[in-house]
Amino acid sequence: MDNGHDMNPIRLWIVEDDKDWLRGLSAYLSGQQGFSLVFTASTPDEVGQALEEGLEPPDVVLMDIMLQGQPEGVRLAEAVALSTGARVIMLTSMEEKELILRSFQAGAIDYQIKSEFETLPDVIRGAAKRQSTISAAAAEQMREEFRRLKKLEREFEAKKMSDRITPAELQLLELIDEGYTQTQIADKLVVSVRTVKNHINNVLKKLQFSGSKEAAREAKAMGLFKRDNDGDGT
């Protein structure tokens with residue numbers, strides 16, 4: 001006996017605005033061993049009322065993302081999770097990436113495509129035991145979003161770095177990255193070594209790096225050098 005759910009039925013709430021689908025899903029899950037369907041709703045108001053009245057709290061809630069044409073399920077997921085402590089699984093007809101991620105942020109633990117309803121009993125049991133693993137589809141959505149956010153973060157940092165220095169200072173960092181010494185840079189740019197040193201010190205101060213090679217490596221990693229953007233290696 002790993003928890004009370006081996007003896008006590010798992011209390012379910014289902015929130016779904018398609019009443020035909022709600023009836024079908026209710027009948028399907030009610031016929032599964034170990035489930036007790038204690039509440040169904042098709043509108044956000046019905047869910048709000050149930051929370052206000054202190055209806056028997058669920059162990060697991062199946063929550064449609066789209067209710068009456070709006071992503072009200074996302075808001076309700078947070079309200080239900082906070083109010084009852086239930087594990088919320090989002091239901092969706094399609095992989096609405098943005099809404100799925102917002103649902104996770106609101107406290108949902110997983111999402112399921114409605115057409116794959118046969119998998120719901122096992123998903124519900126895992127959620128009730130708090131042993132559920134995120135579905136492969138949901139995990140891929142999250143990885144894709146993390147990659148997108150990481151890319152945006154990198155682009156933001158690159159722009160911030162680029163805005164802090166002048167094109168001439170960026171050229172200086174590029175020459176440092178190519179292995180030029182300060183004397184060679186001075187010869188190439190037809191300036192004094194002292195001028196090169198002053199420029200380097202200015203760049204380090206602006207970017208808050210302790211060394212010029214470190215600053216050059218970071219600028220290269222950010223894709224700021226012209227040769228990286230050109231892709232011709234020159």
Side-chain angles (χ1 to χ4, degrees), residues 10-30 32 35-128 130 132-153 156:
I10 298 169
R11 299 183 302 263
L12 290 179
W13 284 15
I14 304 177
V15 183
E16 165 62 53
D17 66 347
D18 183 329
K19 294 190 177 182
D20 289 336
W21 209 84
L22 177 58
R23 279 192 295 270
L25 185 59
S26 298
Y28 175 68
L29 293 176
S30 294
Q32 300 291 317
F35 293 160
S36 173
L37 182 58
V38 297
F39 174 71
T40 65
S42 57
T43 69
D45 289 343
E46 290 172 339
V47 178
Q49 186 176 351
L51 293 176
E52 287 178 9
E53 293 176 354
L55 197 67
E56 182 180 3
D59 299 305
V60 177
V61 177
L62 302 181
M63 179 75 69
D64 190 9
I65 289 183
M66 298 297 293
L67 295 170
Q68 300 176 321
Q70 299 295 324
E72 283 293 296
V74 177
R75 177 183 64 81
L76 290 175
E78 182 173 24
V80 170
L82 289 174
S83 179
T84 69
R87 309 280 276 177
V88 181
I89 299 168
M90 307 305 292
L91 300 175
T92 179
S93 299
M94 50 189 169
E95 296 186 5
E96 302 139 319
K97 294 180 183 178
E98 181 184 348
L99 295 179
I100 289 166
L101 267 295
R102 283 170 55 190
S103 298
F104 281 115
Q105 291 168 346
I109 64 160
D110 203 350
Y111 84 94
Q112 292 291 312
I113 303 296
K114 291 181 182 180
S115 60
E116 300 172 359
F117 66 90
E118 296 95 337
T119 65
L120 279 173
D122 287 340
V123 172
I124 291 168
R125 291 185 184 103
R130 298 184 179 268
S132 59
T133 56
I134 190 169
S135 68
E140 179 54 32
Q141 294 285 6
M142 294 189 76
R143 283 193 293 269
E144 185 175 321
E145 179 65 5
F146 289 142
R147 287 192 292 267
R148 185 185 72 83
L149 292 175
K150 190 67 178 176
K151 182 172 180 289
L152 286 177
E153 179 185 7
F156 173 77

Worksheet entry | Set of residues satisfying salt bridge (charged side-chain N to carboxylate O under 4.0 Å, His left out) with respect to E56, sequence neighbours excluded | R11
Discussion item. Show every ring-ring contact (aromatic ring centres under 6.0 Å, His included) that has at least one partner inside residues 44-83, sequence neighbours left out.
Written reply: none
Fill in: Pairing residues for A50 by the side chain to side chain contact (heavy atoms under 4.5 Å, CB included) criterion, not counting sequence neighbours
W13, F39, L55
Worksheet item: If every non-hydrogen atom of M63 is compared with every non-hydrogen atom of V88, which pair is closest and at what distance?
Response: CB-CG1, 3.9 Å
Discussion item. Going by side-chain hydrogen bond (donor to acceptor under 3.5 Å, both in side chains), name the pairs with one or both residues in residues 60-72, residues two or more places apart or in two chains.
Written reply: D64-K114, E72-R75
Worksheet item: Any idea which heavy atoms bring A86 and P58 closest together, and the distance?
Response: CB-O, 3.5 Å
Worksheet item: What ring-ring contact (aromatic ring centres under 6.0 Å, His included) pairs are there with at least one residue in residues 49-70, not counting sequence neighbours?
Response: none
Worksheet item: What are the two closest non-hydrogen atoms of A41 and E46, and how far apart are they?
Response: CA-OE1, 3.3 Å
Practice prompt. State which residues pass side chain to side chain donor-acceptor pair (under 3.5 Å) with S26; sequence neighbours excluded, sorted by chain then number.
Written response: none
Response to the item:
Hits for side chain to side chain donor-acceptor pair (under 3.5 Å) against D45, two or more places apart or cross-chain, chain-then-number order -> none
Discussion item. So which atom in A128 and which in I10 form the shortest heavy-atom distance, rounded to 0.1 Å?
Written reply: CB-CD1, 3.7 Å
Worksheet item: Rounded to the nearest 0.5 Å, how far apart are CG of L29 and CD1 of I14?
Response: 5.0 Å
Worksheet item: Mind checking whether L25 and T40 have side chains closer than 4.5 Å, heavy atoms only?
Response: no
Worksheet, complete the sentence: The side chain to side chain donor-acceptor pair (under 3.5 Å) partners of Q49 (sequence neighbours excluded) come to E53
Worksheet item: Do you know which two heavy atoms are closest between L37 and S30, and how far apart they sit?
Response: CD2-OG, 3.8 Å
Worksheet item: Are side-chain heavy atoms of E16 and L62 found at a separation under 4.5 Å?
Response: no
Practice prompt. Identify, with sequence neighbours excluded, every residue that meets side chain to side chain donor-acceptor pair (under 3.5 Å) alongside E118.
Written response: none
Worksheet item: Under 3.5 Å, is there a donor-acceptor pair between the side chain of E116 and the main chain of I113?
Response: no
Worksheet item: What pairs of residues pass the ring-ring contact (aromatic ring centres under 6.0 Å, His included) test when at least one of them lies in residues 43-77, not counting sequence neighbours?
Response: none
Fill in: Student check: side-chain heavy atoms of L76 and V61 closer than 4.5 Å
no
